[in-house]
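Notes follow once the structure below has been shown.
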2 protein chains.
Amino acid sequence: MESDASKPQTTIEWGLLGQSIGPRIRLLRNALTARSISASAPYGLPTGSLTVLALIAANTGSSQTALARSAGLNKSALVGIVDELEARGLAARDRSERDRRRNSLSVTPEGEEVMRTLFTAVTTNEAPIRDALGQQDMTLLLSLLDRAIEAVQEADG
Amino acid sequence: MESDASKPQTTIEWGLLGQSIGPRIRLLRNALTARSISASAPYGLPTGSLTVLALIAANTGSSQTALARSAGLNKSALVGIVDELEARGLAARDRSERDRRRNSLSVTPEGEEVMRTLFTAVTTNEAPIRDALGQQDMTLLLSLLDRAIEAVQEADG
DNA sequence: TATTGTTATACTCTATAACTATA
DNA sequence: TATAGTTATAGAGTATAACAATA
């Protein structure tokens, strides 16, 4: 890790969008995705799979529609992800007894393991941010993001 | 605007990823993109174009490579965006005199106008977030995001 | 040799619309 | 009729690799 004083390291000049959140979110997403792909490629799982896996684990028995809403995804988009998780034996689909239209989702023991392994990759991935912000500001950032998420979800109905 | 007490409106349970920034960024990006598309569709410009336009305006004479780095994009990805902006007469490419490999980018007067029009769309787009956070927390969120961006950019070299 | 911009190409992610099976 | 999940399909966004022009 070299400290390179030759880099200007100026904050990006956003111009008219200086007070807008969109461009920043996009940039961060691109950067994190790029890092995440190289980190999780060995496991052959696409970026969003771990998120879905974690959501299933935290909401066992959830339906796919409910899960899609939590993940901010279209229900169709979720099908393929769950397909893959199921094919790898990481998650299970069971028909709900009470409403046979619904799938009841759960994580398998294998899924739990993979989840934890990938979790360390994510943590490593985000380490630069965590290090730069420190524990306190990181927590603050997360809570502000949660409030932002809540706001857009409410706005979109 | 109805206040609907019937909605549980619980914060999403991220489980293992409760302290991770990635899933939240992804979700916000999806939500904002969806809203942004419906907002800017009348102008026929893809989501990222306004960001690039604003960056060009704020950094007149910038090269494409420099711009790509600022926007967090691959230089190849930027070519198509600039192509479109140029085709619509919103931005101009001129060969740099001092280094004839480089393009010197600038925004046309027409581009300035479109930029301002689209800016109002973006502002409307993000209004729910701004309203929910208030001016102070919004500013705080933006500055934390900027620090996060700086951190990942430095980490990625 | 190294860098800027370009092209060709392919892949990931996500959405829309139409379908089925249940309710 | 309405909802949960599925399929088929299409589109936006982005990256990699190879190339030409210039340094």
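Computed from a predicted structure; not experimentally measured. Naming convention: chains lettered A, B, ... in sequence-line order (proteins, then strands); numbering from 1 in each chain.
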In whole angstrom, what separates Gln64(A)'s CD from dA21(C)'s P?
-> 17 Å
Report yes if some heavy atom in the side chain of Leu90(A) is under 4.5 Å from a heavy atom in the side chain of Val107(A); otherwise report no.
-> no
dT6(D) phosphate, OP1 or OP2: any side-chain N/O from Asn103(A) under 4.0 angstrom?
-> yes
Mind checking Leu78(A) for me? I need base, sugar-phosphate or nothing, with any heavy atom below 4.0 Å counting as a touch.
-> nothing
Phosphate OP1/OP2 of dA12(D): any Thr33(B) side-chain N/O under 4.0 Å | no
Between Ala77(A) and Ser96(A), the residue closer to the 5' end of DNA chain C by nearest nucleotide is Ala77(A)
Of all the nucleotides listed (dG5(D), dG5(C), dA23(C)), which has the minimum atom distance to the side chain of Arg95(A)?
-> dG5(D)
Which of these, Arg69(A), Arg102(A), Arg93(A), sits in a side chain to side chain donor-acceptor pair (under 3.5 Å) with Gln64(A)?
-> Arg93(A)
Quick one: is dT22(C) close enough that its OP1 or OP2 comes under 4.0 Å of any side-chain N or O from Arg98(A)?
-> no
Are the side chain of Glu126(A) and the backbone N or O of Ser20(B) linked by a donor-acceptor pair below 3.5 Å?
-> no
Can you find a donor-acceptor N/O pair under 3.5 angstrom joining the side chain of Arg101(B) to the base of dT3(C)?
-> yes
Quick note, Arg102(B) side chain, CB onward, closest among dT14(C), dT6(D), dG5(C) is dG5(C)
How long is the line joining CG of Leu50(B) and C1' of dG13(D), in whole Å?
-> 16 Å
Nearest to the side chain of Ser76(A), which nucleotide is it out of dT6(C), dA8(D), dG13(D)?
-> dA8(D)
Reckon Asn30(A) has a side-chain N or O less than 4.0 Å from the OP1 or OP2 of dT14(D)?
-> yes
Rounded to whole Å, CG of Leu67(B) lies from C1' of dT4(C) at a distance of 13 Å
Report the distance from atom CG of Leu27(B) to atom P of dC13(C), rounded to the nearest whole Å.
-> 15 Å
Indicate yes or no for a side-chain donor-acceptor contact from Ser104(A) to the backbone of Arg95(A) under 3.5 Å, with no hydrogens or angles considered.
-> no
Taking the side chain of Arg29(A) as heavy atoms from C-beta outward, which of dT14(C), dT6(C), dA23(D) is closest to it?
-> dT14(C)
Just to confirm, is there a sub-4.0 Å distance from OP1 or OP2 of dT6(C) to any side-chain nitrogen or oxygen of Arg93(B)?
-> yes
With the side chain defined as heavy atoms from C-beta on, Leu73(A) is closest, among dT14(C), dT6(D), dT6(C), to dT14(C)
Relative to the 5' end of DNA chain D, which residue comes earlier, Thr65(A) or Arg26(A), by the nucleotide with the nearest heavy atom?
-> Thr65(A)
Take atom CD1 of Ile81(A) and atom P of dT14(C), then tell me their distance rounded to the nearest Å.
-> 6 Å
Classify the nucleic acid contact of Asn74(A) as base, sugar-phosphate or nothing, counting any heavy atom under 4.0 Å across all strands shown.
-> base
Would you mind reading off the distance between Asp94(B) atom CG and dT4(C) atom P, rounded to a whole angstrom?
-> 18 Å
Is there a side-chain contact between Leu55(A) and Ile12(B), using heavy atoms and a 4.5 Å cut-off?
-> yes
Go through dG5(C), dA23(D), dT14(C) for me and flag the one nearest to the Ser63(B) side chain.
-> dG5(C)
Considering all heavy atoms of both residues, which atom of Asp137(A) and which atom of Leu133(A) are nearest to each other, and what is their separation?
-> CB-O, 3.3 Å
How many Å lie between CD on Glu84(B) and C1' on dG11(D), as a whole number?
-> 14 Å
Using atom CG of Asp99(A) as one end and atom P of dA2(D) as the other, report the distance to the nearest whole Å.
-> 17 Å
